[in-house]
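Since the structure comes first, as structure tokens, the remarks are kept for the end.
Here the structure is a predicted model, which means the values were calculated and not measured.
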Amino acid sequence: GAFKDISMSEVDRGSMSMIYVDVMGPYHKVTPSIEKVEAWAKEKSIDCKDSFGQYLDNPDIVEEARLKARVGCLVQKKPMDLPADFHFQTVPAAHYLQVVFDGSPSIGPIKVYPRALEYIQSKKLKSQGAVIEIYRVHNEKEVTTTYLFPLENP
């Protein structure tokens, strides 16, 4: 996916409801926690076609062992009887730089983040809050990642 193109646009996006677990540590090791939430959702017949990671810290500033994230599934409504270590939140509607990439999410930090930050700086925009990555798995070899970089409203 390193040679796949990315598409960038500024968008206003509605609120998003999420079930998630908190994780601490290297961001490249969050997959088992995402899979834990996906498995629970499947067991409860909750639609989880879009999983996500909300990355709360900047890995260029925060020590890898202290990085915090929320990972799980986007859902239509709050499920009943969440396990004790699961949480629910609704992220309010916001203005984002949206970047869509059909390559592996693992190369996002190398391919997507620098281009997004360059765009934000070149347009003199202001970042506001944690980046959300939404993962839609199409099959074993294809995934689309939508990166949402929150911006101050124009």
Atom pair [atom1] ([X]) and [atom2] ([Y]), whose distance is rounded to the nearest 0.5 Å:
X: Met16; Y: Gln54; atom1: CE; atom2: CD; value: 8.0 Å
X: Lys126; Y: Gln128; atom1: NZ; atom2: CD; value: 10.5 Å
X: Met18; Y: Lys78; atom1: CE; atom2: NZ; value: 15.0 Å
X: Lys68; Y: Tyr55; atom1: NZ; atom2: OH; value: 15.0 Å

Non-hydrogen side-chain atoms of [X] and [Y] separated by less than 4.5 Å:
X: Ile6; Y: Lys111; answer: yes
X: Gln98; Y: Thr146; answer: yes
X: Cys73; Y: Asp50; answer: no
X: His87; Y: Asp22; answer: yes
X: Tyr20; Y: Ser33; answer: no
X: Val37; Y: Ser51; answer: no

Stepwise side-chain contact (heavy atoms from CB on, under 4.5 Å) test for Glu142 and Asp102: CA-CA 7 Å; Glu142 294 180 8; Asp102 288 325; over 6 Å; no
Using distance alone, with no hydrogens and no angle criterion, decide if [X] and [Y] have a side-chain donor and acceptor under 3.5 Å apart.
X: Thr90; Y: Ser17; result: yes
X: Thr144; Y: His138; result: yes
X: Glu10; Y: Tyr119; result: yes
X: Thr145; Y: Glu133; result: no

Minimum-distance pair of heavy atoms, taken over all atoms of [X] and [Y]:
X: Trp40; Y: Ile19; answer: CZ3-CD1, 3.8 Å
X: Ile120; Y: Leu97; answer: CG1-CD2, 3.8 Å
X: Arg70; Y: Phe52; answer: O-CE1, 3.4 Å
X: Val143; Y: Pro105; answer: CG1-CD, 3.5 Å
X: Ala130; Y: Pro150; answer: O-CG, 3.2 Å
X: Glu64; Y: His28; answer: OE2-CE1, 3.8 Å

Cluster check [X], [Y]: I/L/V/M/F/W/Y, side chain < 4.5 angstrom:
X: Tyr135; Y: Leu74; value: no
X: Val100; Y: Leu151; value: no
X: Met24; Y: Phe86; value: no
X: Phe88; Y: Val23; value: yes
X: Ile34; Y: Leu82; value: yes

Heavy atoms of other groups near Glu43 CD, more than 12 under 6.0 Å: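 Correct, the count exceeds 12.
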CG/Asn139: more than 12 non-hydrogen atoms of other groups inside 6.0 Å: yes
Ring center gap for Tyr96 and Phe149 short of 6.0 angstrom: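 When the ring centroids of Tyr96 and Phe149 are compared, they turn out to be at least 6.0 Å apart.
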Test salt bridge (charged side-chain N to carboxylate O under 4.0 Å, His left out) applied to Glu118 and Arg115, step by step: CA-CA 5 Å; Glu118 184 180 290; Arg115 297 244 326 254; 5.8 Å; no
Whether Tyr147 and Tyr113 hold their rings parallel, tilted or perpendicular, with breakpoints at 30° and 60°: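 Correct class here is perpendicular.
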Donor-acceptor contact present, side-chain Asp12 to main-chain Gly14, <3.5 Å: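 Flag not set: sc Asp12 to bb Gly14 has no pair under 3.5 Å.
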Stepwise side-chain contact (heavy atoms from CB on, under 4.5 Å) test for Val75 and Ile46: CA-CA 8 Å; Val75 293; Ile46 295 169; 3.8 Å; yes
Salt bridge (charged side-chain N to carboxylate O under 4.0 Å, His left out) between Lys36 and Asp85, intermediate numbers included: CA-CA 11 Å; Lys36 172 183 173 179; Asp85 59 336; 2.3 Å; yes
